[in-house]
Amino acid sequence: MLEFLWLVPLLPLLGFLLLVLLPLTKRAAAIVGVGSVGAAALLTLLIVVELFGLSSDAQVFRQIYWTWMQAENFTAQFAFYLDPLAAVMMAIITGVGFLIHLYSVGYMDEDPGFARFFAYMNLFIAAMLVLVLGDNLVVLYLGWEGVGLCSYLLIGFWYDSHANGYAARKAFVVTRVGDALMALGMFLLFLHLDTLDIQQLMANANDQWQTGSSLPTIAAALLLGGALGKSAQIPLQTWLPDAMAGPTPISALIHAATMVTAGVYLIARTHELFLLAPDIMFLVALIGATTLFISGFTALVQTDIKRILAFSTISQLGYMFLALGVGAWSAAIFHLMTHAFFKALLFLAAGAVILCVHHEQDIFKMGGLRKRLPVSFWSFMIGGLALVAVPLTSGYYSKHEILFAAAGNENSGQLLWLLGVLGAVMTGLYTFRLIFTVFFGEENTRVHESTVGLVVKLPLVVLCLLSIVGGWFVLPLDHVFPASEEQAISGITSLVTDVAPFVGIFIAYLVFHQNKALADAVVAHTPGRLLQRFWFSGWGFDWLYQKILVNPFMLFVRINKNDIVDSFYRLAAWLMRLIHRLFGLTQTGRMQWYVGSIALGVVLIVGAGIFS
Amino acid sequence: MTAEQLQALLPIIMMASTSVIVMLVVAFIPRHSVISSVTVLGFILTFASLSWTGEVGQGLQVTPLIVVDRFALFYSALLLLASLVITLLSFNYFTKGSGSENQVEPGEFYILLTTATLGAMVLVSSNHFASLFVGMELLGISLYVLVAYLSHYRQGRQGSLEAGLKYLVLSGVASAILLFGIALLYAEFGVLGFGQLGALWSNIGALNGIYAMAGLGLLLAGICFKLSLIPFHMWTPDVYEGAPVMATAYIATISKGAVFVLFLRFFMVSGAFMQEMANNLLILIAIASMLGGNLLALMQSNVSRILAYSSIAHMGYLLVVLLVANTGNVPVSTISESVGFYLVAYIITTLGAFGVMAVRSNMLDTRDTDQVADYKGLFWHSPWLASVLTGMLLSLAGMPLTAGFIAKFYIITMGVEGLKWLLVSTLIIGSAIGLYYYIRIIIVMFMRHDEEPITGKRDRAVSTIDGLVLAALAGVLIWLGVYPGPMIGVIQAAFPG
């Protein structure tokens, strides 16, 4: 089956083309949209099974299709590279992607842009697959920009609202900052290592560069820039909460399960380069830990159900970056996978809730939905427990691997671990604040249940199962990443790590279920209120960027409203028109004048000839 | 004359015979479809006869007047194909008024097309001043009538007569100047053949003396008139506007193309381009034409006039290639290759643009459909016509993926290799100005129009022949833009012997 690898991205791409070019009925659009991704998922399953059936040394498969571009010593093949890492990513993308497509059939049922939605979704799946399968950085970049485009299109899917368009633009512009850095990184790598083929690049880097020298540090820093933008880490995290303007399945697929993990994938894919740059590795860990910590607090005070989940996503991505930074590569990918399961589940369950309460997203206007929406409730419960990392759920295994790896890191490991554990407490706190508020207590809203059909329930159930058993998968990534030595973890560390989520849940139970007045009392005091506002705004990052980036830029724009450079061109245009009018005067239509011009020309030519 | 020479002359003989046969057909079977078919057949057979000329090798001198070589054969082929396209597109232009009472069979139009093409073929095979003059006059005199042709049909078409008269008088003046120049050169050197002249000049080195200088200057002036280079350009817009659209297309493509090919041969064979005087003058003329042509076209409201002015600029661009020749940085074969490709691209593009105009025009109207306003919203009711015209205009502007891009790329490469920075920068500025008026027409075509076109004109369905011809032109345009290799190979083989 391996030789059919090319078909996996091609199927959704064909689906996209069909959806765009043919005026399909809604039913046909659903069949094409879901079917193409389903077929890709099935094919992926066969390919992955075959790949993992091979002996572990031979689990590498490369397919070269054509020479994409060539200029002097630069060659970019259009080629795919399949190894266990890419295979895991591929399975997540097509598997979770298929479930979310299926869910969307129900969720988007009444939307007039049904076919357009599936077209974008299919294009996204194709681009994401190109990203993870790319054999060189150029193909990877094609997929990278492709998913960025789809993200933009889907955040602004309901484009008639101004705010959605703004959110889409914000996401596009902010990630562009990272993309530009990444492109610079690619240029730098090519300049010094003469190739962009990832495997060759890593080999060359190991040969030519000393660990800790400046070139790998700069290159890794630039690539990290790209990863930070895509994966919404500090300081480029501000776009993700606003990206929730898109339809909820999009938030589940692109802004939780797949696209935002591209940064994690990029770093894991180029981990050999990062190993040459220990400073950047530490920076990755630090950024991850800070992000997870800060977004945990932000998630705690949000009121919009999707924004809570968005900040939670940023926070969980922070865990992945933390894992990458301490060299726990497979733990990062492991958490990436389990997170894809449970966060997709949470978003889809949130979508079901939102559908049933007439597109209300404020959790304080919900309440007591436990009995009315049992499927959503249990989905939320299982997804929430996995997110919080309660033992026996998938999140427990992956998150603990990360925290233990952090604890064992010789480079300020204790600090990183502490931030991670505090983050875990916060995770329990904000998750159960959400669950208690939405599903317990008295009923606040009218609910209509009819819209939740089988196509919505089935993906929820499957994702519930995956969120539980996902932790039992053993990812065969040993040959992709260097083995990390087993760390001796002290009993106390282990205990604290295990207990942390329960602490969060317990506090949430006290404050948001048992004694609701407590939370209000805290906020009633000035310091409490200020802190709440500060956290609510996402620690003021938007405000800060508005002040130091947007406002000065807008000021410059205002000063230069009548573009100074433009006026030069306007002058040129004006001059051209003037000359045109002057020249036009010669065109009198009178033959005498025309003959006169010929005569003048002859006199000039002959005169010049004779007197030269 | 040997049999070999006679065989080499076969295309010219075929073309001349076609004229005679068409004349007889017009006299005895005066039906439009028959006349047109015979003309088309004549062009096709003449085209086919180009491959029966036998092995001409490095060129076969037939009498001192005519040389048949690959260069001549290639351009004869190009001109014949262009004539064929014009004949095919003319048919519907003249048929559209059918059913109305003043329908007349436009037989003479076809006779004149064949004689004009005969003149053009003589021009591209000429390497002697006598055949140069004969060819030019044969072409010119046919064109005077073609330009004025509609005036004998309709009282309303005064523009056609006016254009014909202007062209007659001004072209007459130019012919006199040209002939006087030839006479002066003959007085000085005593020879009329380009080759003989070249041999003499290479012995002398730099020319001097009043006769030689004045003779060369007057010769240049005469040729510049035919190419409508500034300051000999003033007839162009008036004639383009007044002439029936297919006659305009003929002047723009075949007449100018043939004269430029002659110019190229004269330059290369006689070595006139080594003369500093000629070179400096031509630089001035090229710059004036590139800037002036584009500036004059800038705000025009008539598509024919825009194309007229743009042709001035395009001839200026072509001149750049000739001017690179004397730097010695570029081999002469490359010069010939660039000119060849540019002419091919320019002829296809211009035919396509005028073809769309012809398809939408009717000889019974008081004017052709040539106002920019006539094209408002064309895309929305005739998307194919609008797309073809868009392609042609983009090619004229030199946009990538069209033949015009490769052609212009050639010229700029030549200019850069020849280190003619002034000319290259003028060319680029000129092209930038040109983009404005080409795109203006395109924008107008894509504007939504909710009401009737301003002029109240409604398009008839495009006939099959017209559709096929336009599709073929558009196809070749893209083909040459995307994959120019084969055509470049053909042109490289067509080097003057």
Side-chain angles (χ1 to χ4, degrees), chain A residues 17 20-23 65-72 74 76 78 142 159-160 562-612, chain B residues 162 165-166 169-170 172-174 177 180-181 184 206-222 224-225 229-238 241 275-278 280-282 284-285 288 291-300 305 308-309 429 432-433 436-437:
Chain A
L17 290 176
V20 166
L21 296 177
L22 301 182
Y65 304 103
W66 65 84
T67 300
W68 187 14
M69 41 184 116
Q70 191 163 26
E72 285 189 49
F74 171 74
F78 200 94
L142 174 73
Y159 54 81
D160 41 8
N562 301 314
D563 198 338
I564 292 155
V565 181
D566 241 17
S567 58
F568 167 73
Y569 294 108
R570 269 200 294 275
L571 183 73
W574 176 81
L575 198 65
M576 292 297 145
R577 288 211 179 93
L578 186 75
I579 299 174
H580 165 76
R581 264 183 223 115
L582 286 177
F583 277 26
L585 295 178
T586 62
Q587 220 53 59
T588 55
R590 292 180 166 276
M591 209 143 61
Q592 309 85 303
W593 170 254
Y594 291 4
V595 176
S597 158
I598 294 177
L600 182 73
V602 169
V603 167
L604 284 178
I605 287 184
V606 173
I610 292 173
F611 294 108
S612 64
Chain B
E162 185 189 328
L165 275 175
K166 273 182 184 165
V169 172
L170 295 172
V173 170
I177 291 170
F180 191 41
L184 285 177
L207 292 180
N208 51 28
I210 290 184
Y211 285 171
M213 285 308 192
L216 192 56
L218 292 174
L219 183 69
L220 280 183
C224 288
F225 173 85
L229 288 160
I230 290 177
F232 308 101
H233 64 288
M234 294 207 171
W235 60 276
T236 327
D238 291 3
E241 188 185 1
Q275 298 296 336
E276 205 190 336
M277 182 275 276
N280 290 344
L281 279 174
L282 285 178
L284 282 181
I285 291 176
L291 286 180
N294 281 315
L295 282 168
L296 279 166
L298 203 62
M299 312 289 286
Q300 287 295 337
R305 289 184 83 91
Y309 288 124
I429 293 171
I433 302 172
Y436 173 78
Y437 55 82

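Predicted model, so just to flag it, every value in this text is computed and none were measured. Each chain gets a letter, A, B and so on, in the order its sequence line appears, and its residues count up from 1.
Taking OG of A:Ser597 as the reference point, atom CZ of B:Phe225 lies at 10.0 Å (rounded to 0.5 Å). To the nearest 0.5 Å, atom CG of residue B:Asp238 and atom OG1 of residue A:Thr588 are 8.0 Å apart. Put simply, OH on A:Tyr594 and OG1 on B:Thr236 are 9.0 Å apart, with the number rounded to the nearest 0.5 Å. In this structure, the separation between CD1 on A:Ile605 and CG on B:Leu219 is 10.0 Å, given to the nearest 0.5 Å.
Residue-environment remark: OH (A:Tyr159) stays at or below the threshold of 12 foreign heavy atoms within 6.0 Å. More than 12 heavy atoms of other residues, nucleotides or ligands lie within 6.0 Å of CH2 in A:Trp68, so this atom counts as buried by the packing criterion. For OH of B:Tyr436, the number of neighbouring non-hydrogen atoms (other residues, nucleotides, ligands) closer than 6.0 Å is greater than 12. Residue A:Arg590 qualifies as open at atom CZ: its count of foreign heavy atoms under 6.0 Å is 12 or below. Atom CD1 of B:Ile210 sits in a sparse spot, with 12 or fewer heavy atoms from other residues, nucleotides or ligands closer than 6.0 Å.
Of the listed residues (A:His580, A:Arg581, A:Met591), the greatest number of heavy-atom pairs within a distance under 4.5 Å of chain B belongs to A:His580.
One N or O on the side chain of B:Lys166 and one on the backbone of A:Gly589 form a donor-acceptor pair closer than 3.5 Å.
With a 4.5 angstrom heavy-atom cutoff, B:Ile433 touches chain A only via side-chain atoms. Both the backbone and the side chain of B:Leu298 come within contact range of chain A, with heavy atoms under 4.5 Å apart. Looking at B:Ile285, only its side chain comes within 4.5 Å of chain A, counting heavy atoms on both sides.
Between A:Ala608 and B:Leu281, the shortest heavy-atom contact is CB-CD2, 4.0 Å. Of all heavy-atom pairs spanning B:Met234 and A:Thr586, the tightest one is CE-CB, 3.6 Å. Across all non-hydrogen atoms, the minimal contact from B:Pro231 to A:Gly601 is CG-CA, 3.7 Å. Residues B:Ala221 and A:Val602 approach most closely at CB-CG2, 3.9 Å, considering heavy atoms.
Using a 4.5 Å heavy-atom cutoff, the side chains of A:Ile598 and B:Ile177 are in contact. In this structure the side chain of B:His233 reaches within 4.5 angstrom of the side chain of A:Gln587, judged on heavy atoms. The side-chain heavy atoms of B:Phe232 and A:Leu600, taken from C-beta on, include no pair separated by under 4.5 Å. Counting only heavy atoms from C-beta outward, the side chains of B:Met213 and A:Val606 never approach each other to under 4.5 Å.
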